[in-house]
Student: 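Would you mind keeping the following structure in view while I ask a few things?
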Amino acid sequence: QVQLVESGGGLVQPGGSLRLSCAASGSFFSINAMGWYRQAPGKERESVAMSTSGGRTNYADFVKGRFTISRDAAKNTVSLQMNSLKPNDTAVYYCTAEVYTSHYSPRRYAYWGQGTQVTVSS
């Protein structure tokens with residue numbers, strides 16, 4: 001099993017900032033990619049930002065210029081710096097990782113954290 005633990009969520013006013021962090025642990029050989037999804041009440045879970053092999057990053061259009069994803073591959077951690085937060089950024093944010101479980105197998109598996117609540121409100 002792979003465990004992903006998020007931290008850094010909370011309540012912030014519109015225009016404010018938060019930094020989310022995620023640490024991976026457990027049984028795996030290596031991590032190919034890490035990133036963040038979010039899910040607002042009554043809505044489908046959606047991709048926010050991903051960090052893939054070689055330091056490449058992908059962002060959803062609605063967060064470009066406001067959010068920054070950073071990954072430390074050696075420490076198996078990823079963070080999400082969120083600036084200029086808006087009320088519709090309110091959601092549970094989930095860390096995700098795509099991992100290799102064996103040096104001898106090319107198979108990859110996706111895992112999810114438990115989520116951390118981000119609330120943007122006056």
Side-chain angles (χ1 to χ4, degrees):
Q1 283 291 324
V2 177
Q3 293 81 46
L4 299 171
V5 180
E6 303 100 332
S7 62
L11 175 65
V12 65
Q13 293 184 344
S17 298
L18 284 173
R19 185 178 180 88
L20 306 182
S21 298
C22 175
S25 62
S27 180
F28 58 87
F29 178 72
S30 63
I31 298 176
N32 183 62
M34 298 186 74
W36 297 89
Y37 279 65
R38 72 185 188 186
Q39 187 168 26
K43 296 184 178 180
E44 184 178 337
R45 188 175 297 187
E46 60 185 353
S47 177
V48 177
M50 296 294 296
S51 177
T52 59
S53 298
R56 300 184 184 276
T57 58
N58 300 100
Y59 295 94
D61 288 341
F62 54 82
V63 302
K64 287 182 178 178
R66 299 191 297 125
F67 292 8
T68 302
I69 188 170
S70 301
R71 179 186 172 193
D72 188 334
K75 293 183 171 64
N76 296 322
T77 61
V78 66
S79 64
L80 185 69
Q81 179 66 46
M82 305 185 294
N83 299 325
S84 301
L85 284 162
K86 304 174 181 179
N88 61 6
D89 291 320
T90 296
V92 177
Y93 284 71
Y94 296 90
C95 178
T96 187
E98 183 183 75
V99 309
Y100 293 97
T101 59
S102 172
H103 173 73
Y104 303 102
S105 175
R107 299 171 184 171
R108 299 195 290 252
Y109 302 86
Y111 290 87
W112 298 86
Q114 82 286 352
T116 185
Q117 177 70 49
V118 172
T119 302
V120 184
S121 176
S122 299

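Nothing here was measured: the structure is a model prediction, and the numbers come from that model.
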Student: Within the side chain of Thr96, is there an N or O that forms a donor-acceptor pair under 3.5 Å with the backbone of Tyr111?
Tutor: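 Here the side-chain-to-backbone pair exists.
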Student: Between Arg66 (side chain) and Ser84 (backbone), is there a donor-acceptor pair under 3.5 Å?
Tutor: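 Checking the backbone N and O of Ser84 against the side chain of Arg66, a donor-acceptor pair under 3.5 Å is found.
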Student: If you define the side chain from C-beta out and look only at heavy atoms, does anything of Gln13 sit under 4.5 Å from Leu85?
Tutor: no
Student: Would Val5 and Val48 show up in the same hydrophobic cluster when neighbours are defined by side-chain heavy atoms closer than 4.5 Å?
Tutor: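 Per the 4.5 Å side-chain linkage, Val5 and Val48 are not co-clustered.
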Student: For Glu6 and Gly115, indicate whether the former's side chain and the latter's backbone hold a donor-acceptor pair under 3.5 Å.
Tutor: yes
Student: Can you tell me how far apart CG (Asn83) and OG1 (Thr68) are? Round to the nearest 0.5 Å.
Tutor: 6.5 Å
Student: Applying side-chain contact (heavy atoms from CB on, under 4.5 Å), run through Ser121 and Thr90 and close with a yes or a no.
Tutor: CA-CA 8 Å; Ser121 176; Thr90 296; 5.9 Å; no
Student: CG of Leu11 to CD of Gln117: how many Å apart, nearest 0.5 Å?
Tutor: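 So the CG of Leu11 and the CD of Gln117 are separated by 9.5 Å.
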Student: Verify the cluster assignment for Met34 and Trp112: are they in a single hydrophobic cluster under the rule of side-chain heavy atoms below 4.5 Å apart?
Tutor: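 Looking at the clustering, Trp112 is in a separate group from Met34.
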Student: Tell me the closest heavy-atom pair linking Ala40 and Ala91, and the distance in Å.
Tutor: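 The answer is N-CB, 3.8 Å.
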Student: Applying a strict under-4.5 Å side-chain criterion to I, L, V, M, F, W and Y, I'd like to know whether Tyr37 and Val118 cluster together.
Tutor: no
Student: Of the non-hydrogen atoms in Asn32 and Ser53, which two are nearest, and what is the gap between them?
Tutor: OD1-OG, 2.7 Å
Student: What about Leu18 and Val92, same hydrophobic cluster or not, with Ile/Leu/Val/Met/Phe/Trp/Tyr joined at side-chain heavy-atom distances under 4.5 Å?
Tutor: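 They do not share one cluster, since no chain of ILVMFWY contacts under 4.5 Å joins Leu18 to Val92.
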Student: Establish whether Met50 and Ile31 are linked, either directly or via other cluster members, by ILVMFWY side-chain heavy-atom contacts under 4.5 Å.
Tutor: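 Looking at the clustering, Ile31 is in a separate group from Met50.
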Student: How long is the span from the CD atom in Gln81 to the CG atom in Leu20, to the nearest 0.5 Å?
Tutor: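 Rounded to the nearest 0.5 Å, the CD-CG separation comes to 9.0 Å.
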Student: Are the side chains of Arg19 and Ser79 in contact, using a 4.5 Å heavy-atom criterion?
Tutor: yes
Student: Applying the side chain to side chain contact (heavy atoms under 4.5 Å, CB included) test to Cys22, which of Thr77, Leu80, Leu4, Thr116 qualifies?
Tutor: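 Per the side chain to side chain contact (heavy atoms under 4.5 Å, CB included) rule, the option paired with Cys22 is Leu4, out of Thr77, Leu80, Leu4, Thr116.
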Student: Which salt bridge (Lys or Arg N to Asp or Glu O under 4.0 Å) pairs, counting each pair once, include a residue from residues 44-57, with sequence neighbours left out?
Tutor: Arg38-Glu46
Student: Under 4.0 Å between a Lys/Arg side-chain N and an Asp/Glu carboxylate O for Asp89 and Lys86?
Tutor: no
Student: State, to 0.1 Å, how close Pro87 and Pro14 come at their nearest heavy-atom pair, and which atoms those are.
Tutor: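 What the structure gives for the nearest pair is CG-CG, 4.1 Å.
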Student: At their closest point, which heavy atom of Gln1 faces which heavy atom of Gln3, and how far apart are they?
Tutor: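 Reported closest heavy-atom pair: CB-NE2, 3.4 Å.
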Student: Would you mind listing every ring-ring contact (aromatic ring centres under 6.0 Å, His included) that reaches into residues 46-105, with sequence neighbours excluded?
Tutor: Phe29-His103
